[in-house]
Number of protein chains: 2
Amino acid sequence: MVGFLGNTYLKHIKRMNKYKVLLVDDHPILLEGSKNLINSSELYKVTFTATNVQSAMELIKSEDFDILITDYEMGDLTGSELIQMAKVAQPEIKTIILSMHDSPAIVKELLKLGVNGYVLKSDSHESMLAALDKVTNGKRYLSDNIASILIEGIDQPPSSALTPREEEIVKLIVKEFSTKQIAEILFISQRTVETHRKNILKKTKSSNLVALIKYAYDHKLV
Amino acid sequence: MVGFLGNTYLKHIKRMNKYKVLLVDDHPILLEGSKNLINSSELYKVTFTATNVQSAMELIKSEDFDILITDYEMGDLTGSELIQMAKVAQPEIKTIILSMHDSPAIVKELLKLGVNGYVLKSDSHESMLAALDKVTNGKRYLSDNIASILIEGIDQPPSSALTPREEEIVKLIVKEFSTKQIAEILFISQRTVETHRKNILKKTKSSNLVALIKYAYDHKLV
DNA sequence: TAATTAATACCCATTATTGGGTATTCGATA
DNA sequence: TATCGAATACCCAATAATGGGTATTAATTA
């Protein structure tokens, strides 16, 4: 075992021989399953779990972790917010996204944020363990599937991303609010909302509302 | 231990003390996790797993199982097809759906099909074990969340189903065709399409296009 | 500091959607 | 045969959405 994982061995002993993992997923059954999976390894131990972002944040404030593994889609708050918060609270923490089926946009967002590993739930469980080994070793891990998602995304012009305000409006559209209602909700003029809609349709290459809704579904803005 | 699970004890011994479970999910990581979860119980053992419907069907043809646990959404074929096939090949098999977030329509479809248990991935893992105990005991198990999904579905009058023509039009709407285009495609007047749209909105209780698209997604008309 | 971007708001006009009706024809069912 | 559901088609009118612009302000970035 001498020298495994490079220079992390000594650190390891100090940490009672197991890296402490915080596991976050809003599906308890899956959470329990992944926990067993990780705990059956030699090097990693899930010391805490959470089924929502809020309680995960509480844990990060009060407990020490080496690794944070989190789902992306979790109700109001996403894994994105959680990771940002975690990096502030514990700068040394390594982060791994364990997600379902993500769009190029989301993958890019998270990589830009500096996640250390990215694994899909449709990957093999060896991927998960490989990711853990890589990130504790200071490297980055992307599963093959994620790599291909990124390749998918390169052909589209970079200017296709919606601004925060535009995303906000898309979300309200999907919630079945009309232009007039959205204007009231956001305390802005109806004309402004119309302008936003026009820009959104152009950016997302949608020819009408229906196409936009489908875009929203595909890009997890629902 | 005498008499546990009613009269299934003797049967149990014959089966080498563990119920044989086939576990099907197209997400390997989740599959591995659930497998560990079930195998850590006293009574159940996952003897085979599959990550797609086709190979699950192969297994059902060649191996004996007491229980089939399957996801619903799995690429081309759904858990629905798998369950129908399993009931034919092994009439005594008990079936449990382990699914993500299902609409009343899907839940109803599966219950009509005669699934023995229904658990959501967002349920606790105790739900899964409770479901296993119930179904091996000849009873039916629905998690609380499923029960409430069903209750959601009952308030709508039974006459809410769309006619074939209406469904056809919904599908064209979702394909981003306008009223005018739909009229051309179906060789009918634009007024007729408008009438259909009105009736569709009324029947589906949709206040606008967006709501209708969401209805279509939920009811698999996409 | 200059240039760019995001958010705001308006002008023009056209097309699409929605909501309230009524009515006819055809085929199936009671 | 009488009734009903489904598909067809129209009336009228109001509201919503789309497509083409331009423009101002604040903030950020080069």
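What you are looking at is a predicted structure, and each value in this text was computed from that prediction instead of being measured. Atoms considered below: every heavy atom in the structure, side chains included; atoms not considered: hydrogens, waters and symmetry mates. Chain identifiers are assigned alphabetically (A, B, ...) following the order of the sequence lines, protein sequences preceding nucleic acid strands; residue numbering begins at 1 within each chain.
Contact check, His196(B) against dA7(D): no side-chain N or O comes under 4.0 Å of OP1 or OP2.
For dG20(D), its base never sits under 3.5 Å from the side chain of Lys202(A) at any donor and acceptor pair. For dC10(D), its base never sits under 3.5 Å from the side chain of Thr192(B) at any donor and acceptor pair.
Tyr44(A) and Asp133(A) share a side-chain donor-acceptor pair at under 3.5 Å. Side-chain contact check for Asp123(A) and Ser143(A): at least one donor-acceptor pair (N or O, by modelled atom type) lies under 3.5 Å.
dA16(C) atom P lies 14 Å from atom CG of Leu201(A), rounded to whole Å. One interatomic measurement links the two molecules: CZ of Arg197(A) to C1' of dA16(D), which rounds to 8 Å at whole-angstrom precision. Summarising the geometry, the separation between CG on Leu212(A) and C1' on dA17(D) is reported as 12 Å, rounded to the nearest angstrom. One atom, CG of Leu162(B), and another, P of dA6(D), lie 10 Å apart when rounded to the nearest Å. Nucleotide dG19(C) holds its P atom 11 Å from the CG atom of Leu209(B), rounded to whole Å. The distance between atom CD1 of Ile169(A) and atom C1' of dA16(D), rounded to the nearest whole Å, is 16 Å. Here the C1' atom of nucleotide dA6(D) and the CD atom of Glu167(B) are 14 Å apart, to the nearest Å. Rounded to whole Å, atom P of dC10(C) lies 12 Å from atom NZ of Lys198(A).
Within residues 173-191 of chain B, the residues approached by DNA chain C to less than 4.0 Å at the level of any non-hydrogen atom are Thr179(B), Lys180(B), in residue-number order.
Of the charged side-chain nitrogens involved, none lies within less than 4.0 Å of a carboxylate oxygen, so that Glu194(A) and Arg197(A) do not count as a salt-bridged pair. Taking a cutoff of 4.0 Å between a charged side-chain nitrogen and a carboxylate oxygen, Lys61(B) and Glu58(B) qualify as a salt bridge. A salt bridge is absent between Asp25(A) and Lys121(B); no separation between the charged side-chain nitrogens and carboxylate oxygens falls under 4.0 Å. We find that Glu168(B) and Arg165(B) are joined by a salt bridge, their nearest charged nitrogen and carboxylate oxygen being less than 4.0 Å apart.
The side chain of Thr195(B) has dC10(D) as its nearest neighbour among dC10(D), dG19(D), dT18(C). For Glu194(A), the listed nucleotide lying nearest its side chain is dT18(D); candidates were dA7(C), dT18(D), dG21(D). Here the side chain of Thr163(A) is nearest to one of dA6(C), dT18(D), dT8(D), namely dA6(C).
Expressed to the nearest 0.5 Å, how far OH of Tyr217(B) lies from NZ of Lys214(A) amounts to 6.0 Å. Separation of atoms CD (Glu81(A)) and OH (Tyr72(A)) is listed at 7.0 Å; rounding is to 0.5 Å. To the nearest 0.5 Å, atoms OG1 (Thr70(B)) and CG (Leu98(B)) are separated by 8.5 Å. Between the CD1 atom in Ile182(A) and the CG atom in Leu186(A) there is a gap of 7.0 Å [rounded to 0.5 Å].
The terminal axes of the helix from dT1(C)-dA30(D) to dA30(C)-dT1(D), fitted over 5 pairs per end, subtend an angle of 50° to the nearest 10°.
The residue among Glu166(B) and Ser206(A) whose nearest nucleotide of DNA chain D lies closer to the 5′ end is Glu166(B).
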